[in-house]
Amino acid sequence: MTAYTGKFEVPEVDFVMFSLFDESSGLLILSAREIDGFFGVSAGRYPDVVFRGVTEFQSGRVKVEEATLHIIDRKRTKIGEYWVGRAISDRAMNSSSGPVLDSVVFRQFDGRCECRDAVAVWRRWASAELKSNEWAHWPASYHSAWLHVAQNSWFFGERLHVATEADRSVVYLAGKVVLTKASFFCALGEAVNGPGGYFGSNLDALVDCIRSNLGGASLSKIVWRDFDTSRQVLDADFLDSLIAVMDEFSIVLEFV
């Protein structure tokens, strides 16, 4: 697996990345390059959702009760999904007679994603194959978003995850980049299930992954290199609880 050696960069998108479907009928409502008003929206603060660079739009007013939003990569593979529920369009706008609409506005769009930075991570995931350890080159403020995308993609995406190593019973974590809870789970997910891999987003989810051998991995040992660096910044209660989980499942934690 190729290691990532570049710099943090959110790529520009020149392809369809969002598709809105009527879940009850399976019909495609529209596809678009960009979406505004969906990511980083808290409950109770619901602006209009605006799709930009729209293709395949079923003309006329749209009203559906069971809409889903699919995240699509450059190869037209679904890599993520969000439940929307009720979606009611307001208007479509176009400045030319071409096949691509400037925008389609939805005045009601029940489902939103509170993770503001997820859209930047989705752009990266949709643009090209992920590289080993790439997440660690993103600013720490994006690690929660990377973890959110990894979890969503694991359960709703159709792109195959390729493990870094054939034997994943023993995995290695780099303490120099494991500086938050989110980065711990980013590192563990990749160590077990390859770049973009998922193996829990909190301790309860970690327990579920261990019990189910998620991704076919039977974890027996974690080697945590440069652990002192991580210990200086991670919450002591989190580390104590993590050690307790590993003890419960007889997984060895080796600190080096």
Side-chain angles (χ1 to χ4, degrees), residues 4 6-21 23 30-54 67-85 87 106 109-131 133-159 161 177 179-190 193-202 205 209:
Y4 184 74
K7 297 180 180 179
F8 161 70
E9 183 178 1
V10 179
E12 295 293 330
V13 173
D14 58 358
F15 54 91
V16 165
M17 192 174 138
F18 304 97
S19 290
L20 187 66
F21 282 86
E23 188 72 11
L30 61 77
S31 294
R33 293 180 180 178
E34 298 285 349
I35 186 172
D36 296 333
F38 180 78
F39 292 99
V41 178
S42 301
R45 295 179 57 255
Y46 290 161
D48 290 344
V49 167
V50 183
F51 289 90
R52 303 189 186 280
V54 176
T68 55
L69 179 67
H70 293 190
I71 314 298
I72 310 298
D73 71 8
R74 185 182 292 275
K75 296 179 180 179
R76 301 290 292 175
T77 300
K78 185 179 81 168
I79 58 174
E81 179 182 315
Y82 294 94
W83 174 256
V84 174
F106 281 77
F109 209 80
D110 284 359
R112 309 291 174 108
C113 174
E114 294 187 8
C115 185
R116 180 193 62 190
D117 294 326
V119 64
V121 180
W122 280 124
R123 284 174 182 158
R124 170 60 194 94
W125 280 49
S127 296
E129 180 182 347
L130 299 175
K131 305 299 183 182
N133 206 42
E134 182 173 351
W135 68 269
H137 292 261
W138 284 54
S141 59
Y142 281 88
H143 291 172
S144 292
W146 188 283
L147 181 61
H148 164 87
V149 168
Q151 181 179 18
N152 184 296
S153 185
W154 185 271
F155 290 107
F156 298 109
E158 298 173 352
R159 190 161 69 184
H161 295 270
V177 296
L179 304 177
T180 64
K181 294 177 186 179
S183 62
F184 167 79
F185 287 108
C186 287
L188 182 62
E190 176 167 312
N193 285 315
Y198 173 78
F199 204 74
S201 57
N202 54 51
C209 292

Are the side chains of Ser153 and Trp122 in contact, using a 4.5 Å heavy-atom criterion?
yes
Looking at every heavy atom in both Leu130 and Gly196, which two are closest together, and how far apart are they?
CD1-CA, 3.7 Å
With sequence neighbours excluded, tell me which residues meet side chain to side chain contact (heavy atoms under 4.5 Å, CB included) with Lys75.
Asp73, Thr77
Taking the side chain as every heavy atom from C-beta outward, state whether Met17 and Ile35 have any pair of such atoms under 4.5 Å apart.
no
Please give me the minimum heavy-atom distance between Tyr198 and Ala205, naming the atom from each residue.
OH-CB, 3.6 Å
Give the minimum heavy-atom separation between Ala145 and Val121, together with the two atoms involved.
CB-CG2, 3.9 Å
Does the side-chain contact (heavy atoms from CB on, under 4.5 Å) test come out yes or no for Ser183 and Trp146, once each step is laid out?
CA-CA 9 Å; Ser183 62; Trp146 188 283; over 6 Å; no
List the atom of Glu81, the atom of His70, and the distance in Å for their closest heavy-atom pair.
OE1-NE2, 3.6 Å
Rounded distance (nearest 0.5 Å) linking atom CZ of Arg116 with atom OG of Ser141
7.5 Å
d(Cys115 SG, Tyr82 OH) to nearest 0.5 Å is 7.0 Å
Identify the heavy atoms of Ser31 and Val16 that sit nearest to each other, and give their distance.
CB-CG1, 3.5 Å
Contacts of Ala32 meeting side chain to side chain contact (heavy atoms under 4.5 Å, CB included) (sequence neighbours excluded), chain-then-number -> Leu30, Phe51, Val54
Here the gap from Cys186 atom SG to Lys181 atom NZ, rounded to the nearest 0.5 Å, amounts to 14.5 Å
Side chains of Val49 and Val41 in contact at under 4.5 Å (non-hydrogen atoms):
no
Of Phe185, Trp138, Trp135, which meets ring-ring contact (aromatic ring centres under 6.0 Å, His included) against His143?
Trp135
How long is the straight-line distance from CG of Asn152 back to CD1 of Ile71, given to the nearest 0.5 Å?
7.5 Å
Rounded to the nearest 0.5 Å, what separates atom CG in Leu188 from atom CZ in Phe199?
6.5 Å
Is Arg112 reaching over with its side chain to a backbone N or O of Gly37, donor-acceptor style, under 3.5 angstrom?
yes
Atom CH2 of Trp83 and atom CD of Glu23: how far apart are they, to the nearest 0.5 Å?
6.0 Å
Mind checking whether Phe39 and Phe18 have parallel, tilted or perpendicular rings, split at 30° and 60°?
tilted
Hey, are Arg123 and Glu34 close enough for a salt bridge, meaning a charged N less than 4.0 Å from a carboxylate O?
yes
On a heavy-atom basis, the closest approach of Leu20 and Val84 is CD1-CG2, 4.4 Å
